[in-house]
Amino acid sequence: MLSQLRFKGKQLVLAICYLGFALYIAMAAILLFFSPYRQANRTNDAGAVVTDINLVPFQTISNYIKASGHINTSVWVTNLFGNVLAFMPLGFFLPLLFRRFMKFWPTVILVFISTLAVECLQLFFHVGSFDIDDIILNTLGGAIGYLFYKAVANISSIVLKGK
């Protein structure tokens with residue numbers, strides 16, 4: 001979208017957006033694969049690494065909602081809303097910077113594939129768990145990010161036409 005607009009200082013704005021996107025990708029990679037809480041592998045009595053896998057959609061989400069009154073609020077809020085918030089920037093940056101993602105479904109599909117890849121890599125490298133609910137929440141976050149992009153794009157076009 002930015003590449004299609006004409007305004008003074010466009011190159012600077014475009015460079016800042018690409019830099020923001022690169023920083024987002026780097027920060028997400030660090031948080032998803034290298035942060036200290038991801039490095040704690042559990043082992044069973046035989047010393048083998050235990051990997052948590054949830055393939056039942058909405059199981060983890062419903063467990064957190066059911067237990068919300070019994071566990072620390074920050075735990076379930078961070079897990080549920082953090083997973084949504086973590087991928088909102090991806091849903092925003094993709095259509096902003098790349099023409100092929102200016103439509104909803106290509107953006108959401110790439111967010112879904114990216115999230116699936118993250119979950120598979122976490123499973124393979126034993127840095128977290130594979131949870132289908134994370135894929136659902138992350139994809140929802142990407143879709144919300146895309147809708148936020150559309151709102152900003154619509155407002156921007158109105159403001160730029162008014163000048």
Side-chain angles (χ1 to χ4, degrees), residues 1-2 14-150 152:
M1 180 193 93
L2 276 177
L14 197 57
I16 291 169
C17 288
Y18 275 110
L19 178 63
F21 183 58
L23 288 172
Y24 162 71
I25 296 296
M27 200 168 18
I30 290 167
L31 290 173
L32 292 168
F33 298 106
F34 302 109
S35 64
Y37 77 95
R38 294 279 181 192
Q39 303 303 319
N41 288 328
R42 295 180 324 170
T43 56
N44 62 17
D45 292 337
V49 175
V50 176
T51 304
D52 293 327
I53 300 174
N54 171 35
L55 299 175
V56 180
F58 303 104
Q59 181 178 26
T60 302
I61 295 168
S62 66
N63 287 345
Y64 275 117
I65 291 170
K66 288 176 190 172
S68 64
H70 308 294
I71 60 174
N72 187 333
T73 303
S74 66
V75 171
W76 68 268
V77 167
T78 301
N79 194 312
L80 297 181
F81 295 107
N83 275 311
V84 172
L85 289 172
F87 279 76
M88 282 176 62
L90 186 59
F92 181 82
F93 278 120
L94 286 173
L96 180 70
L97 297 172
F98 306 103
R99 185 182 305 242
R100 73 182 91 159
F101 297 107
M102 290 183 72
K103 295 192 185 233
F104 180 78
W105 286 112
T107 301
V108 171
I109 289 169
L110 184 63
V111 171
F112 171 79
I113 291 169
S114 300
T115 302
L116 180 61
V118 164
E119 291 296 311
C120 289
L121 287 168
Q122 287 178 340
L123 179 64
F124 181 77
F125 289 111
H126 302 288
V127 288
S129 62
F130 184 99
D131 193 335
I132 192 71
D133 289 353
D134 287 350
I135 296 171
I136 293 167
L137 293 169
N138 294 159
T139 304
L140 175 64
I144 293 169
Y146 177 85
L147 296 174
F148 183 69
Y149 153 78
K150 286 302 275 186
V152 169

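Since we're looking at a predicted model, the values are computed, not measured.
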Geometric class of the Phe92/Phe148 ring pair [parallel <30°, tilted 30-60°, perpendicular >60°]: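 Ring orientation of Phe148 relative to Phe92: tilted.
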
Just wondering, do [Y] and [X] contact through their side chains at under 4.5 Å, heavy atoms?
X      : Y      : result
Thr139 : Phe87  : no
Val56  : Asp133 : no
Leu90  : Thr107 : no
Phe34  : Val127 : no
Leu116 : Phe130 : yes
Ile65  : Trp76  : no

Give, for atom [atom1] of [X] and atom [atom2] of [Y], the distance between the pair rounded to the nearest 0.5 Å.
X      : Y      : atom1 : atom2 : answer
Leu147 : Met88  : CG    : CE    : 9.0 Å
Ile132 : Ile53  : CD1   : CD1   : 11.5 Å
Leu14  : Leu97  : CG    : CG    : 6.5 Å
Glu119 : Leu32  : CD    : CG    : 8.5 Å
Ile113 : Ile135 : CD1   : CD1   : 11.5 Å
Met102 : Leu96  : CE    : CG    : 9.0 Å

Asp131 side chain to Ser129 side chain, donor-acceptor N/O pair below 3.5 angstrom: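 The criterion, which ignores hydrogens and geometry beyond distance, is not satisfied for Ser129 and Asp131.
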
Partner residues of Leu121 under the side-chain contact (heavy atoms from CB on, under 4.5 Å) criterion, sequence neighbours left out: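 Partners of Leu121 under the side-chain contact (heavy atoms from CB on, under 4.5 Å) test: Phe33, Phe125.
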
With Ala86 via side-chain contact (heavy atoms from CB on, under 4.5 Å) - residues at least two apart: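 Result, side-chain contact (heavy atoms from CB on, under 4.5 Å) vs Ala86: none returned.
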
Single hit among Trp105, Phe101, Phe104 for ring pair (Phe, Tyr, Trp, His ring centres under 6.0 Å) with Tyr146: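 Testing each of Trp105, Phe101, Phe104 against Tyr146, the sole residue satisfying ring pair (Phe, Tyr, Trp, His ring centres under 6.0 Å) is Phe104.
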
Closest heavy-atom pair and its distance - Leu94, Val111: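 In this case the closest contact between Leu94 and Val111 is CD1-CG2, 4.3 Å.
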
Distance-minimising heavy-atom pair for Tyr149 and Gly91: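 Nearest pair, atom of Tyr149 first, then Gly91: CB-O, 4.5 Å.
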
Polar side-chain atom of Asn83 near backbone of Asn138 as donor-acceptor pair, under 3.5 Å: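 It does not hold such a pair.
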
With sequence neighbours excluded, residues passing ring-ring contact (aromatic ring centres under 6.0 Å, His included) with Phe21: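 So Phe21 forms a ring-ring contact (aromatic ring centres under 6.0 Å, His included) with Phe93, Phe98.
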
